[in-house]
Amino acid sequence: MKNAEAASEQAVVAARCYDVTVSLHGRQVGDFEELLIIGMAARLAFQLRGLPVVAYDLLRQVALHLLQIPPTSLQTVVGVLAEAEFVRLDRQGSTIRTVIPTVPYYEDLYETLGEIASNHGLSEPERLTIDLVNRLARSPRVKESLYNDTGAERPLVDQMLGVGEQGGYLFARRARGRDVIVSPLYFPENAAEFADLVAAHGSGSVGRVIKTIAKNQGWPLRVIQETGGIGDTPLTADEVKIVTKLAGEGFLPPPMIQTEHAGENHFLFGPKPGIPSLPPTKRPIYEAAMALVAAVRQGQLLPRAYRIRMPLSLLHALRDKRYLRANSEALEQYRELVVLRLGRLVPDGAGRHRFELIDTPENLEAVNLAIHLVEGTEPLPAVDDEVVLALHKGHDYLESLIGRQRLVAQQIVHLDPEKQREFDDLLLRVV
Amino acid sequence: VKDSELKELLFRHHWAQRHYAQPEVEIYSSGGAAETARMITDIDVLALRPHPDLYFERLLGDCRTLRSQSAVNRALWLSGLMRFFGARSGTVLLRAEVGVEPDHKLVAQRVGVQLFSHADFVVYDRAVVYPSGSSFAGVTVQDLRDLREANAKYGRLRPLLGYLYRDAWQEPTYRSVIRRLIGTLREVSGEFDPEKLEHVVLLCDAASIFAVALADCAGRIFQQFLHPARKEDLAESLRLYLWDGRSRYSFVEQVRQKHAESLGATGAELGPLDLPEWNEFVQLVRHLLEQPREAFSVPWLLRQCAVDLFRSRAVLAAAVPKDAISLKQAMLTASYFCKASGVPKDFGDILTTILIKVQTGLVSPQATASPSRG
């Protein structure tokens with residue numbers, strides 16, 4: 001039987017490969033090979049799920065123009081997907097003619113791809129990058145601590161941090177006289193505030209608070225301050241201070257609900273996901289999901305008379321039935337959701353209101369996201385509608401998307417200075 | 001015109017419209033008093049028409065010489081059979097060259113039966129399957145008769161043939177077909193040899209009958225749950241669907257546990273009672289739920305594939321780009337069916353490879369060689 005812990009670690013490796021690859025946006029790094037192949041395989045798998053047969057020629061164009069997967073790598077990437085049994089291939093000799101997506105539902109795609117990454121083996125710089133990015137996913141880090149924590153040689157850490165800065169998946173901020181490394185993949189907003197928080201309180205405490213909030217998304221600040229904990233997890237006095245800072249002091253204000261019986265309450269959420277998991281077009285959906293979770297937490301933790309006992313069941317009911325039964329607290333609780341056009345409040349004539357979801361794909365997606373938030377699980381990367389349409393409709397649609405752009409400029413993330421010097425020395429010797 | 005020609009005409013009329021059709025279905029009373037089930041009557045053509053509300057409508061067809069009966073009497077007989085069978089409508093095709101009495105037609109219409117003389121039906125067929133009529137239909141009654149006959153020489157396959165071409169059509173619900181078809185096939189899986197073409201096509205045709213029940217299953221699950229968010233939710237709904245509710249499922253589980261205990265095993269050693277290759281079955285249904293309407297074309301595609309292979313012609317030459325999803329579903333269905341049946345792995349590989357080639361033909365026709373077994 002597969003070891004669950006090992007499987008989970010492998011899933012994390014594949015997820016980080018995906019994050020780094022998306023952030024590089026097609027740019028090449030001399031030290032990365034398998035990392036990018038696994039990242040591109042994950043990216044392609046998410047887009048292919050549910051599609052019918054795709055001609056390889058079309059896939060090559062879509063992959064290049066919309067997913068930044070170069071044709072020179074595509075065959076290897078598709079080979080990885082075939083190895084994972086995520087696609088069936090029709091080959092003629094070594095030529096792939098068509099790709100038939102069979103990407104499973106429910107299975108953890110990252111877990112399978114992580115297993116393949118582990119079998120293929122990653123280079124030392126790739127392993128270090130994944131380690132660094134994984135640490136930065138939990139909390140920004142003081143740069144000095146990364147040298148000790150990763151156990152890697154200092155020049156290599158500096159080199160991979162440099163690659164990360166050029167690749168756009170991390171950057172350094174000065175805070176309280178220290179260099180703090182932040183990853184915009186996981187902390188896309190309030191970078192300066194997070195850097196300051198970490199410099200003041202240490203990444204251990206900040207990371208623990210963020211992890212606890214992520215497991216209990218939408219917990220009311222007042223309840224945290226009153227109970228000294230989030231959910232079942234007690235916090236230290238210092239950690240409560242961190243929570244209080246997260247709810248103010250320059251951070252974007254968290255969702256707020258005002259009721260007659262409980263006054264004004266702020267509901268805390270972990271950092272919003274970065275672009276790889278949540279493209280800018282999906283941000284309003286995420287914000288609607290946060291507002292919905294806040295409303296549910298209000299009913300769960302700060303009710304007037306009738307407590308929501310099973311928030312997840314309530315959200316499932318909303319998704320499946322498209323409404324919530326009328327109650328006397330609904331008006332104040334769900335008012336903000338009406339403003340966001342997520343639903344409407346329908347009076348029943350007895351002083352109660354029934355909340356009805358406005359049945360659009362975006363609103364349904366927001367409810368699904370809210371379920372993920374309450375479960376404390378990360379939603380999978382969103383499907384890019386343009387990619388799906390291009391693969392469905394073929395070359396003509398793709399042509400209209402890419403216009404006359406025939407050549408895709410490929411940027412290169414530069415080598416570190418040491419390697420550059422070695423290369424220059426080589427040139428001096430041989431030329 | 002002989003009765004058999006009328007039967008072909010009616011069968012092809014349905015097949016050309018992509019209605020799944022089964023000729024010569026014998027009817028017997030499954031809870032009957034006789035020691036062995038005796039045939040009571042038969043249906044010349046049973047057709048299944050996909051309905052937009054995600055179920056198959058049953059249509060019955062009858063072809064008669066009318067030596068001792070009036071046309072309307074035959075129509076009234078068919079309407080009784082339709083009620084017995086839960087069919088939507090029926091067609092009586094008469095050998096008489098002269099037209100049918102208008103009053104007979106009117107009465108027949110009131111009970112959901114269309115009455116046609118042979119000459120009238122030719123006109124009707126050309127108007128419905130415009131403009132050439134259904135003469136091009138890719139499967140005939142004779143094809144299916146020959147396919148069955150080619151396997152009847154293997155004595156041990158007879159129970160399977162009996163189930164496929166008689167018993168399966170009298171199951172009260174499709175959920176029974178899913179369970180029993182796999183069970184019956186597993187009983188004789190050791191007889192199947194991938195080197196024998198007739199075995200490959202029999203398995204493909206069996207998969208088409210399985211696909212009928214599977215489409216119905218996907219349609220029902222979709223109507224209730226759309227796309228279940230969690231695998232466990234879908235798995236539990238499928239268990240309850242397949243065993244006709246929780247109490248029946250619990251009962252069968254208990255019987256299974258008692259049996260295991262009587263053999264000295266503890267109940268804890270037993271996993272839940274599921275179909276073979278359960279995880280793959282759940283995944284297969286989830287794939288179908290993505291576009292459940294397409295699943296209703298899968299049986300037709302798989303039977304057409306079986307007959308094309310049997311007759312050594314280009315497989316599914318009539319497939320068009322809009323069949324792409326159904327063809328993928330057909331490939332996944334055949335793959336699961338072969339695995340769950342316990343037949344040698346080669347069967348799954350052969351059918352999957354053929355269906356992959358057909359899909360390639362949809363998007364790059366110039367690359368299509370006629371996919372055949374070799």
Side-chain angles (χ1 to χ4, degrees), chain A residues 48-60 82 85-93 95-109 312-313 315-322 359 361 364-365 367-372 374-375 377 379-380 383 388 391-395, chain B residues 223-235 237 279-292 294 297 319-336 348-349 351-369 371:
Chain A
L48 285 178
R49 180 147 56 188
L51 287 178
V53 59
V54 181
Y56 189 76
D57 284 347
L58 174 64
L59 184 67
R60 191 166 41 214
E85 298 188 0
F86 290 175
V87 296
R88 306 268 177 116
L89 303 178
D90 184 23
R91 291 178 184 272
Q92 194 167 39
T95 308
I96 300 171
R97 295 198 302 178
T98 50
V99 175
I100 301 167
T102 52
V103 184
Y105 295 86
Y106 306 124
E107 307 289 315
D108 190 335
L109 306 190
L312 263 180
S313 305
L315 289 169
H316 280 290
L318 178 61
R319 185 187 61 193
D320 298 341
K321 296 181 186 165
R322 311 288 200 265
D359 199 353
L364 211 54
E365 204 177 336
V367 180
N368 278 323
L369 262 173
I371 290 172
H372 276 294
V374 172
E375 279 176 340
T377 55
L380 289 172
V383 172
V388 173
L391 290 172
H392 253 306
K393 297 195 170 179
H395 285 286
Chain B
Q223 301 280 23
Q224 283 185 66
F225 307 105
L226 300 177
H227 298 148
R230 297 185 325 133
K231 186 177 174 184
E232 296 72 32
D233 295 342
L234 176 57
S237 326
N279 183 49
E280 198 163 324
F281 181 73
V282 176
Q283 287 290 350
L284 170 62
V285 174
R286 180 61 188 80
H287 273 287
L288 302 190
L289 293 180
E290 204 59 21
Q291 281 130 316
E294 304 301 320
S297 300
V320 290
K322 78 175 170 62
D323 292 325
I325 290 286
S326 303
L327 276 166
K328 186 173 100 168
Q329 293 178 345
M331 178 188 78
L332 295 170
T333 302
S335 171
Y336 167 75
D349 294 343
L351 293 178
T352 303
T353 305
I354 289 166
L355 289 165
I356 285 176
K357 300 277 178 216
V358 175
Q359 291 174 78
T360 294
L362 299 182
V363 290
S364 49
Q366 73 282 8
T368 321

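The basis for the numbers below is simple: all heavy atoms, side chains too, and nothing from hydrogens, waters or symmetry mates. In what follows, chains are A, B, ... by sequence order, proteins preceding strands, each numbered from 1.
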Going from [atom1] on [X] to [atom2] on [Y], what distance comes out if it is rounded to the nearest 0.5 angstrom?
{"X": "A:Leu89", "Y": "B:Thr360", "atom1": "CG", "atom2": "OG1", "answer": "9.5 Å"}
{"X": "A:His316", "Y": "B:Asp233", "atom1": "NE2", "atom2": "CG", "answer": "7.0 Å"}
{"X": "B:Gln283", "Y": "A:Thr102", "atom1": "CD", "atom2": "OG1", "answer": "10.0 Å"}
{"X": "B:Gln359", "Y": "A:Thr98", "atom1": "CD", "atom2": "OG1", "answer": "7.5 Å"}

Task: Sole residue of B:Leu327, B:Ile325, B:Val363, B:Leu362 in side-chain contact (heavy atoms from CB on, under 4.5 Å) with A:Pro52 - done: B:Ile325

So what's closer than 4.5 Å to chain B heavy atoms on [X]: side chain, backbone, both or neither?
{"X": "A:Asp320", "value": "neither"}
{"X": "A:Val99", "value": "neither"}
{"X": "A:Ile371", "value": "neither"}
{"X": "A:Leu51", "value": "backbone"}
{"X": "A:Arg49", "value": "neither"}

Within-4.5 Å side-chain heavy-atom neighbours: [X] and [Y]:
{"X": "A:Arg97", "Y": "B:Lys357", "answer": "yes"}
{"X": "B:Ser335", "Y": "A:Arg88", "answer": "yes"}
{"X": "B:Leu234", "Y": "A:Tyr106", "answer": "yes"}

Task: Choice from B:Leu332, B:Ile356, B:Thr352 maximising heavy atom contacts with chain A below 4.5 Å - done: B:Ile356

Tell me, for [X] versus chain A, whether the close heavy atoms (under 4.5 Å) come from the side chain, the backbone, both or neither.
{"X": "B:Glu290", "value": "side chain"}
{"X": "B:Pro228", "value": "both"}
{"X": "B:Leu226", "value": "side chain"}
{"X": "B:Glu294", "value": "neither"}

Open item on the list: Is it true that, when you exclude B:Gln223 itself, more than 12 heavy atoms of the residues, nucleotides or ligands shown sit nearer than 6.0 Å to its CD?
Closed with: yes

- [ ] Using atom types as modelled and distance alone, determine if a side-chain donor or acceptor of B:Lys328 lies under 3.5 Å from a backbone N or O of A:Pro101.
- [x] yes

Open item on the list: Show the nearest heavy-atom pair for residues A:Ile100 and B:Met331, with the distance to one decimal.
Closed with: CG2-CE, 3.7 Å

